[in-house]
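First the structure, in the form of structure tokens, and then the observations on it.
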Amino acid sequence: MENARRPIQVLSPRLANQIAAGEVVERPASVLKELVENCLDAGADQIDIELEAGGVKLLRVRDNGCGIDPEDLPLALARHATSKILTLDDLEGVASLGFRGEALASISSVSRLELITSTDDSGKGWRVVAEGRDMQPQVTPAPHPQGTSLIVRDLFFNTPARRKFLRTERTEFSHLEEVFRRLALSRPDVGFSLKHQGKLVHQLPAVTADQDAAAAQDASMQRIARLLGREFMDQSLVVDSEASGIRLHGWVGLPVYARAQADRQYFFVNGRVVRDKLVAHAIRQAYQDVLFGGRHPVFVLHLEVDPQVVDVNVHPTKHEVRFRDGRWVHDFIFSALHKRLSGALIGSEKQPVTPATYPQASQPSAGVAPPQVQEQGALSWSMPSSLSSTSPSASDNAGGFSGAAATAFGAGNGRPSAQGNGETLAFYQRLAADSAPPSASEVPPLGYALGQLQGIYILAQNSHGLVVVDMHAAHERITYERLKKDWLQRPLVAQPLLVPEPLSVDESMAEVAAEQAELLADLGVQLDVIGPQEVVIRSMPVLLQGANANAMVFSLLQELKRFGTASSIENSIHEVLATIACHGSVRAGRQLTLPEMNALLRDMEVTERSDQCNHGRPTWFQLSMQDLDKLFLRGR
């Protein structure tokens with residue numbers, strides 16, 4: 001009770017800044033973020049960073065920006081002092097990275113900080129530090145080239161409780177390097193260098209404005225390769241989409257390059273790195289059909305929007321943003337990524353160009369009609385005209401071979417007969433005479449089938465070497481994509497529930513149910529709002545017969561409330577279609593003829609997302625001639 005009688009007092013400036021430091025200064029990495037963002041706001045195109053002992057002992061950041069005028073230096077380390085906003089209108093359209101005016105004051109209250117700056121090339125500069133209980137600034141002359149240096153020593157020296165929470169030097173440096181990586185990826189037009197314990201760790205040149213578009217993109221790719229690895233670039237697609245004043249550009253990883261953890265995901269809004277749930281949901285939806293369970297996509301994406309339509313002042317560390325029209329942004333990101341991933345057909349370039357135009361193979365006559373799966377019949381793919389005159393006969397046999405190739409082996413005993421040898425030679429002579437080998441430009445991306453391995457894999461030859469295809473996984477994806485297109489071309493049939501099911505919701509979700517009644521009806525869901533917190537489910541889609549209606553509708557209303565989209569019903573229907581496709585696809589162990597194998601390869605080349613099956617597993621692999629030479633030690 002004694003504490004309740006204490007008088008109200010004004011906190012000392014140092015104590016107030018130390019409390020504020022708890023929001024923005026968690027560890028050396030957060031200090032680095034704040035200092036480098038100030039350098040970028042100062043217009044620097046070269047930033048050099050030096051660290052000692054994981055940034056705890058020393059953290060020095062030097063830039064060649066505009067510097068700070070001497071008369072402004074007394075306020076440089078003061079709290080709530082900034083040159084980046086003056087009025088509330090400025091706050092509604094913030095284009096700078098730092099604007100709260102708290103970072104330097106907070107950092108200086110828990111470390112020994114000094115700032116040295118100069119506004120010209122004269123070599124004359126000024127030094128400022130904040131000392132004492134009231135943190136009065138002390139300004140003295142000091143030599144310095146144009147720009148600013150910020151030196152932070154002995155972080156948390158006066159707050160030992162905070163220092164105990166720091167990890168090992170190696171761990172703190174890993175956090176510092178991750179912050180450096182994000183900042184360097186956000187601004188390829190700025191050069192960066194990073195030293196730790198006197199050793200140069202990163203040296204990244206800037207992408208200059210005088211480079212043409214191709215050279216600038218190549219320089220940006222080199223920076224990403226240095227920071228994230230060459231494999232990231234080899235397994236990524238270029239994205240560049242723009243509409244109605246919003247632009248999304250960068251690189252997204254192929255689904256087969258997904259990782260077990262979300263540690264290679266970088267999203268920037270107007271150059272600011274953010275972790276936004278709305279953005280994450282849009283990206284996750286775009287990858288929905290192609291990711292293996294529990295895997296995470298990789299990406300480096302930049303979103304450019306009018307600063308007036310995004311609020312960056314919603315979190316002390318500015319990691320989160322709020323869009324004025326979140327649904328519009330969500331739909332744009334999803335559409336751009338979904339289109340790019342769908343357009344990444346086999347054999348197409350990694351640049352955002354028109355997909356390859358190989359002719360569509362004929363549809364299998366033994367099709368699959370949901371919700372019942374027909375028995376698997378004979379595959380009736382058509383033979384490409386380029387092969388129909390040169391391929392062996394298509395009659396089945398135990399080994400999967402036919403014609404002269406099968407005759408060459410006597411009665412399946414594995415030993416060639418004299419008659420068989422002669423017929424084989426004659427067959428290949430006719431083959432050579434009738435058809436010259438196609439040039440590399442004429443060979444399709446997946447090449448032409450050579451045969452089948454254990455009734456599971458198709459072996460094919462293309463211009464690069466050997467292609468191995470999992471025939472069940474490939475056909476599963478082809479069937480699934482066709483089923484999805486068929487489903488989109490007809491309305492979703494609803495089935496009334498025998499007994500309507502009541503569902504308790506909050507008032508906002510009940511309002512969504514009333515406002516989105518038309519959309520819900522299109523999805524086969526009919527709801528009646530019977531109270532401020534209760535709805536009744538009267539119908540569900542036929543394809544989801546037997547599903548938990550309460551759980552499905554509750555999830556659906558949550559999505560509509562939060563994101564303005566209704567993907568849960570669509571996701572569930574896609575799961576049903578995926579199951580149908582799985583059961584309706586060619587089975588492992590099924591012997592295919594060469595025309596059937598080649599038709600499957602052609603279908604893969606014109607089917608969206610055919611690199612992965614419905615479960616996210618790869619459908620084919622390429623072994624180049626160099627890979628094969630290494631296996632057999634050729635050239636050594």
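Between Phe232 and Tyr257, the two ring planes are perpendicular [angle over 60°; tilted spans 30° to 60°]. Aromatic ring orientation, Phe180 versus Phe192: perpendicular (interplanar angle above 60°, classes split at 30° and 60°). Ring geometry, Phe267 versus Phe299: the interplanar angle exceeds 60°, so the pair is classed perpendicular (tilted spans 30 to 60°).
For the pair Leu40 and Ile47, the tightest heavy-atom approach, listed with the atom from each and the gap, is CD2-CD1, 3.7 Å. A pairwise comparison of heavy atoms in Ile458 and Ala449 identifies CG2-CB, 4.2 Å as the closest pair. Closest non-hydrogen pair, Ser193 versus Leu200, comes out as CB-CD1, 4.4 Å.
Cation-pi geometry between Lys630 and Phe632 is not satisfied (NZ or CZ under 6.0 Å from the ring centre, within 45° of the ring normal).
Under the 3.5 Å distance criterion, the side-chain polar atoms of Arg223 are matched with a main-chain donor or acceptor of Ala184.
Taking His338 as the reference, Arg609 meet the side chain to side chain donor-acceptor pair (under 3.5 Å) condition, with sequence neighbours excluded. In terms of the side chain to side chain donor-acceptor pair (under 3.5 Å) criterion, Ser174 has no residue partners (sequence neighbours excluded).
Interatomic distance, CE of Met233 versus CG of Asp218, reported as 9.0 Å (0.5 Å rounding). Atoms SG and CG, from Cys39 and Leu150 in turn, are 6.5 Å apart once rounded to the nearest 0.5 Å.
The pair Arg617-Asp470 does not meet the salt-bridge criterion, since no charged nitrogen lies less than 4.0 angstrom from a carboxylate oxygen. Contact check on Asp603 versus Arg482 returns a salt bridge, with a Lys/Arg side-chain nitrogen under 4.0 Å from an Asp/Glu carboxylate oxygen.
Applying the 6.0 Å contact sphere to CD of Gln461 captures no more than 12 heavy atoms from other residues, nucleotides or ligands. In Arg259, the CZ atom is crowded: over 12 heavy atoms of neighbouring residues, nucleotides or ligands sit closer than 6.0 Å.
A donor-acceptor pair shorter than 3.5 Å cannot be found between the side chains of Asp627 and Gln622. Between the side chains of Asp263 and Gln261, at least one donor N or O sits under 3.5 Å from an acceptor N or O.
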